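Structure first, then comments.
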Amino acid sequence: MNLLGPRAGEKIVSVEQLAERVSEMKSAGKKVVLCHGVFDLLHYGHILHFEESRRQGDALVVTLTPDIYVNKGPNRPAFTETVRAQMLAALELVDCVAVNKWPTAVEMLRLVSPNVYAKGPDYKNHQEDVSGKIGEEEAAVQSGGGEIYYTEDITFSSSNLLNRHLSSHSLEVDDYLSDLRATYTPAQIHKAIDSLSKLKVLVVGEAIIDEYVYVDQMGKSSKEPVLAMRYASQEQFAGGSLAIANHLAAIIDDVTLVTFLGTRDSREEFIRERLAPNVKPTFFYKADSPTIIKRRYVESLLLSKLFEVYIFNDEFLDADDNAAFSTELSRITAEYDLVVVADFGHGILTQEAIDAVQGSAKFLAINTQQNAANIGYHTLSRYSRADFVCTNEGELRSDSRARRGDIEPLILNIVDRLRVKNTLITRGKRGALFYRPDAGWSSGPAFAKSVTDRVGTGDAVLSWTAPMAAAGLPGKMIAFVANVVGAQAAQIVGNRSSVDRVATYKFIESLLK
């Protein structure tokens with residue numbers, strides 16, 4: 001049901017139509033002002049912003065960030081782009097409303113070419129803009145003969161109002177965030193993560209190609225007790241150590257990757273194309289092996305995984321490959337501030353290779369991942385030391401042979417056996433638990449309310465928290481960031497993309513306002 005009057009309904013147009021209307025207004029001698037934003041919860045601060053903006057010209061048009069590009073966390077926007085457009089169109093002082101088509105306002109500003117682009121006072125200092133886009137937006141406005149104007153009226157935050165009065169979080173999460181706001185500002189957390197960028201980081205582990213084959217259900221076969229599916233499409237992602245290197249590349253300037261491809265069907269060109277520009281790979285080649293492919297058959301409507309096929313050779317490296325790999329690790333490991341070992345248990349991390357990194361790494365972060373090929377015997381206990389362990393509760397329990405019981409004694413046990421200085425345990429919907437012997441326990445609840453895909457979530461958390469642990473950042477901050485990153489990674493299909501730094505910063509801002 002449309003609750004808008006006829007005139008308000010006519011105000012909502014496409015971006016192309018908005019460009020035409022603005023051109024007509026300018027031809028008629030009007031000075032057009034444009035405001036752009038999410039406007040997730042229309043409030044008094046927005047009205048003040050619009051009123052001051054309107055006074056800079058003769059007409060006011062407003063564009064919205066579309067739902068798909070709202071970077072305020074998995075549970076935002078609270079209101080869809082349709083509802084947000086309708087609320088704005090109902091305002092008398094707004095002449096026209098459009099939903100943007102692009103991730104940023106830059107392309108839209110070039111197309112619409114307003115006389116004035118009005119932004120709030122919090123954007124005036126370009127250095128404080130976490131997106132880094134306000135400078136590009138200003139240039140886009142100026143290229144069309146316009147100017148940027150910063151309003152000065154008192155501002156309010158939609159995120160602040162939603163968090164305090166319309167929170168969608170549980171009472172536990174609200175209490176946790178309230179305590180965290182008293183400890184850290186978003187800017188402090190951003191600065192802490194930014195400080196990691198110059199760390200020298202080495203990633204060691206298996207290169208894995210995740211292949212998703214999407215199928216649609218047809219029904220039972222007429223002659224066999226088999227469920228028949230119709231092929232729909234497929235896509236491939238850079239997974240395993242490749243995904244970890246890409247996640248790290250979002251916050252680290254230069255990442256080195258040492259990994260194995262296969263001598264057969266290496267997929268090297270595919271892999272090189274999908275590594276971030278600041279990842280520098282060194283490839284070894286496993287004899288008589290393909291590059292590992294994990295092919296998952298996925299029901300296309302609900303993204304439910306039906307079954308998976310591993311294409312690989314998970315025997316340990318032969319003597320020559322093992323000697324070359326271990327020698328290289330011994331030679332280079334000590335050069336790095338942080339060594340991240342992502343051990344998927346598929347044969348490249350032999351005892352000799354493990355000894356090489358354990359013997360010379362300044363700060364060693366390890367993760368041993370259980371999967372269908374190694375469950376029951378591939379655990380953290382393959383290692384004898386670690387400065388940072390990041391694993392999930394199930395893998396910790398498997399290593400400790402403890403199906404039930406409190407998790408804290410299990411953590412203390414692994415800390416003692418591996419001499420671990422920092423331990424992060426992810427616990428799914430129960431969040432994350434961090435322990436540092438000289439500082440004690442820190443925990444945080446999960447922020448994701450739904451999960452699109454669990455594949456790669458732990459890799460993303462490892463990638464963001466290992467540098468934080470290496471830099472000695474507080475456990476309370478590490479546990480918080482682990483849950484922020486985990487919530488975002490859980491919305492990504494496979495390893496289709498990496499967790500984005502700007503999106504993470506905006507999610508942090510939206511939670512702590």
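Heavy-atom basis, side chains included; hydrogens, waters and symmetry copies ignored. The model shown is predicted, which means the values in this text are computed figures rather than measured ones.
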So SG of Cys96 and NZ of Lys11: to nearest 0.5 Å the spacing works out to 9.0 Å
Interatomic distance, CD@Gln86 vs CG@Leu91, rounded to 0.5 Å, equals 12.5 Å
Quiz prompt | Beyond-backbone contact of Ser53 with Thr151, side-chain heavy atoms, under 4.5 angstrom | solution = yes
When rounded to the nearest 0.5 Å, the distance separating SG of Cys390 from CG of Asn367 is 6.0 Å
Check your understanding: Any side-chain heavy atom of His36 sitting closer than 4.5 Å to one from Asn100?
Key -> yes
Residues passing the side chain to side chain contact (heavy atoms under 4.5 Å, CB included) test with Ala342, sequence neighbours excluded, are Ile244, Phe344
Heavy-atom count around Lys280 NZ within 6.0 Å, excluding the residue itself: above 12?
no
(message) Go through it in stages, so that I can follow the logic: the residues are Phe237 and Tyr212, the test is ring-ring contact (aromatic ring centres under 6.0 Å, His included), and I'd like the CA-CA distance, side-chain angles, deciding distance and then a yes or no.
(response) CA-CA 8 Å; Phe237 317 119; Tyr212 278 34; 5.2 Å; yes
To the nearest 0.5 Å, atom CG of Asp253 lies from atom NZ of Lys200 at 13.0 Å
Here the gap from Ile189 atom CD1 to Leu180 atom CG, rounded to the nearest 0.5 Å, amounts to 5.5 Å
- Query: Can you tell if the side chain of Leu248 reaches within under 4.5 Å of the side chain of Val203, non-hydrogen atoms only?
  - Reply: yes
Is it the case that the side chain of Gln188 and the backbone of Thr185 share a donor-acceptor pair, with hydrogens and angles ignored and the cut-off at 3.5 Å? yes
By side chain to side chain contact (heavy atoms under 4.5 Å, CB included), Glu268 pairs with (sequence neighbours left out) Leu261, Ser266, Arg272, Phe283, Tyr285
dist Lys191:NZ -> Ile193:CD1 (nearest 0.5 Å) comes out at 13.5 Å
Using the side-chain hydrogen bond (donor to acceptor under 3.5 Å, both in side chains) rule, take Gln488 and Asp500 through it: C-alpha gap first, then chi angles, then the decisive distance, then the call.
CA-CA 9 Å; Gln488 292 181 105; Asp500 180 72; over 6 Å; no
| said: Please report whether the ring centroid of Tyr117 lies less than 6.0 Å from that of Tyr150. | reply: no
Q | Heavy-atom check, side chain of Thr291 versus side chain of Ile209, under 4.5 Å | A | yes
Quiz prompt | Sub-4.5 Å side-chain heavy-atom contact between Phe447 and Tyr176 | solution = yes
By side chain to side chain contact (heavy atoms under 4.5 Å, CB included), Asp175 pairs with (sequence neighbours left out) Leu171
For the residue pair Phe388 and Leu462, establish whether any side-chain heavy-atom pair is separated by less than 4.5 Å.
-> yes
Glu81 meets the side-chain hydrogen bond (donor to acceptor under 3.5 Å, both in side chains) criterion, sequence neighbours left out, with none
For Arg21, the salt bridge (charged side-chain N to carboxylate O under 4.0 Å, His left out) test, sequence neighbours excluded, returns none
Start with the C-alpha gap between Phe39 and Phe50, add the side-chain angles, then the distance that decides, and say whether ring-ring contact (aromatic ring centres under 6.0 Å, His included) holds.
CA-CA 11 Å; Phe39 307 116; Phe50 293 148; 5.3 Å; yes
With a 4.5 Å heavy-atom cut-off, do Tyr336 and Val201 have their side chains touching?
no
By side-chain hydrogen bond (donor to acceptor under 3.5 Å, both in side chains), Asp265 pairs with (sequence neighbours left out) Arg267
Between Val13 and Leu18 the two heavy atoms that sit nearest each other are CG2-N, 3.7 Å
| message | Measuring only between side-chain heavy atoms, which start at C-beta, is Glu211 closer than 4.5 Å to Lys294? | response | no
* To do: Mark yes when over 12 heavy atoms from residues, nucleotides or ligands other than Lys30 sit less than 6.0 Å from its NZ; otherwise mark no.
  => no
- With a cut-off of 6.0 Å (strictly less than), are more than 12 heavy atoms of other residues, nucleotides or ligands near CD of Glu269? no
